[in-house]
Student: 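Let me begin by handing over the structure; questions about it come next.
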There are 2 protein chains.
Amino acid sequence: MSYRLTRRQQEIYDYLVENQEEFHHPPTLDELCLALGLSSKGSLHKQIQALINAGLVDPMNNQRRGIRLTQPPGAEGELPMMGYIAAGQPIEAIDHNERMEVPAFLRTGGDCYVLEVRGDSMIDEGILDGDRIVVEHRETACNGEIVVALVDGCEATLKRIEQKRGAVILHPANPNMKPMKYRPGQVQIQGVLVGQMRSYH
Amino acid sequence: MSYRLTRRQQEIYDYLVENQEEFHHPPTLDELCLALGLSSKGSLHKQIQALINAGLVDPMNNQRRGIRLTQPPGAEGELPMMGYIAAGQPIEAIDHNERMEVPAFLRTGGDCYVLEVRGDSMIDEGILDGDRIVVEHRETACNGEIVVALVDGCEATLKRIEQKRGAVILHPANPNMKPMKYRPGQVQIQGVLVGQMRSYH
DNA sequence: ACTGTAAGAGAACAGATTGAAAACATATTT
DNA sequence: AAATATGTTTTCAATCTGTTCTCTTACAGT
């Protein structure tokens, strides 16, 4: 069923996913041509048709309601709940495929998932035991971001990262603990903290 | 069931949602024509009919009560964003009717709304400046719950409550501040904290 | 070089959508 | 009852927008 997309088709699809906010209405072929720098909607139509065949775009049978993706990506509003994270231990995965409702503004366009926090290692960042955090899956991070990092391939931690030439420093937010310095190879970034939720009942 | 709207229909619907405040009575077809720059109510009627079929607008069978939306839009997963709360000040209300997506597990069955936190008065409870809190509207609370309280009829605060015989004590979580003791009449409970959310981007 | 595929331009077409106008029907007011 | 206001229906023309075609160019690979 899932046809293989050509490079250009993939490009157009990515563009649609990225910029679906741009158009507050689904774009027409002409609008998309303009946005993509094409000058013939006939050409674009052929590409879109391929995306329709691939099941990625709603078919529009002569209707004029613009191009819309079949599933507004991240549609179900639910992200996978991957498991528990406790400082200094491997991430404890959950076996059954749990999912969790997450508001749009707590996540990014990227690939996100949810972890539950165990322990108080981030208490000074306002992240408490039992909080749910939303993590964007990424291999790299900017200095100052809070990352889920794997140290020495097994210990997971949630810390603010500082990457220098030849060293990676992880700053815990809890003042009882000290910053730890590692060689870059020791620290593997698994994701970046983008949101947090807490229930009081 | 949810029919797919044409672009114009979307536009009109969006307009209705946006400007429902404008008309303090639901607008008549003629008024809407004027507002939308149309000169024929017959044309508009056809569009509205489509919205009625889509279940977005109340059908009006020859009644003349104007056009009204079926559901105060965003009724499902969204709660009203009421304004800002900063310790020691009145709650700063927001004028336009903003709504915010809130996962089911961050709220209760009761009547809930969202506030944005200003300031660090709850920093030790893990509630930071800029966090969104979910509050259940209630007049009473149990000891130990965190409440939105109105002190002396004007100052709002977010504090852990302790109710004794003849006295109400509000415990701030920030150790720099001290618990305050009030007479029961002075403290009016406006709601109870049930959830909290934070975005890192 | 030859061939096949992907990509794009442009023209022309078909039918969906929109809007104006007028006539009609029903409710509300005078 | 008459007048007015408002919703409903119909007809028609103009325009917009998806669709189909043909032709051209570029590139990759036996």
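Below, each value reflects all heavy atoms present in this structure, side chains not excepted, and no hydrogens, waters or symmetry copies.
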Student: Mind running side chain to side chain donor-acceptor pair (under 3.5 Å) on Asp14(A) and Gln10(A) for me, showing each step along the way?
Tutor: CA-CA 6 Å; Asp14(A) 289 347; Gln10(A) 186 68 50; 3.1 Å; yes
Student: Starting at CD1 of Ile52(A) and ending at C1' of dG18(D), how long is that distance when rounded to a whole Å?
Tutor: 10 Å
Student: Asn62(B) has a side chain; which of dA7(C), dT17(D), dG7(D) sits nearest to it?
Tutor: dG7(D)
Student: Do Thr157(A) and Leu150(A) touch side chain to side chain, with heavy atoms closer than 4.5 Å?
Tutor: no
Student: For Glu101(A) and Ala104(B), indicate whether the former's side chain and the latter's backbone hold a donor-acceptor pair under 3.5 Å.
Tutor: yes
Student: Taking only side-chain nitrogens and oxygens of Thr6(A), does any of them come within less than 4.0 Å of OP1 or OP2 of dA7(C)?
Tutor: yes
Student: Nearest whole angstrom, please: distance from the P of dG18(D) to the CD of Gln47(A).
Tutor: 16 Å
Student: Starting at CG of Leu5(B) and ending at P of dT17(D), how long is that distance when rounded to a whole Å?
Tutor: 16 Å
Student: Looking only at atom types and distance, does a side-chain atom of Arg138(A) sit under 3.5 Å from a main-chain N or O of Asp111(A), one as donor and one as acceptor?
Tutor: no
Student: Looking only at side-chain N and O atoms, does His45(A) come under 4.0 Å of OP1 or OP2 in dG18(D)?
Tutor: no
Student: So, under a plain 3.5 Å distance rule, would you say the side chain of Ser40(B) forms a donor-acceptor pair with the base of dA21(C)?
Tutor: yes
Student: OP1, OP2 of dT17(C) versus side-chain N and O of Gln9(B): anything below 4.0 Å?
Tutor: no
Student: Distance-only, no hydrogens or angles: does the Gln47(A) side chain make a donor-acceptor pair with backbone N or O of Leu44(A) under 3.5 Å?
Tutor: no
Student: Donor-acceptor pair under 3.5 Å: do we get one between Arg8(A)'s side chain and the base of dA6(C)?
Tutor: no
Student: Side-chain contact, heavy-atom cut-off 4.5 Å: Ile169(A) with Lys164(A)?
Tutor: yes
Student: Quick check on DNA chain D: between Gln63(B) and Ser43(B), whose nearest nucleotide comes earlier from the 5' end?
Tutor: Gln63(B)
Student: Grab the CZ-P distance between Arg64(A) and dT17(D) for me, whole Å please.
Tutor: 6 Å
Student: Cation over ring, Arg132(B) on Phe105(A), under 6.0 Å and within 45°?
Tutor: yes
Student: Among residues 26-35 of chain B, which ones have heavy-atom contacts with DNA chain D below 4.0 Å?
Tutor: Thr28(B), Leu29(B)
Student: Measure CG/Leu36(B) against P/dG19(C) and give the value in whole Å, please.
Tutor: 9 Å
Student: Which nucleotide sits closest to the side chain of Lys41(A): dT17(C), dT19(D), dT8(D)?
Tutor: dT19(D)
Student: Among dG19(C), dG8(C), dT17(C), which is the nearest nucleotide to the side chain of Leu38(B)?
Tutor: dG19(C)
Student: Rounded to the nearest Å, what distance is computed from the NZ atom of residue Lys46(B) to the P atom of nucleotide dA16(C)?
Tutor: 13 Å
Student: Return yes if some donor-acceptor pair links the side-chain N/O of Arg198(B) with the main-chain N/O of Arg198(A) below 3.5 Å, else return no.
Tutor: no
Student: I'd like to know whether CZ of Arg65(B) has more than 12 heavy-atom contacts from other residues, nucleotides or ligands below 6.0 angstrom.
Tutor: yes
Student: Can you pull out how bent the helix from dC2(C)-dG29(D) to dT30(C)-dA1(D) is, comparing the axes over its first five and last five pairs, to 10°?
Tutor: 30°
Student: Could you state the atom-to-atom distance from CD of Glu11(B) to C1' of dT18(C) in whole Å?
Tutor: 11 Å
Student: Could you check whether the rings of Tyr113(B) and His137(B) sit parallel, tilted or perpendicular, using 30° and 60° as the cut-offs?
Tutor: tilted
Student: Base, sugar-phosphate or nothing for Gly42(B)? Non-hydrogen atoms, less than 4.0 Å.
Tutor: base
Student: Check the distance between dG19(C)'s C1' and Arg7(B)'s CZ and give it to me in whole angstrom.
Tutor: 17 Å
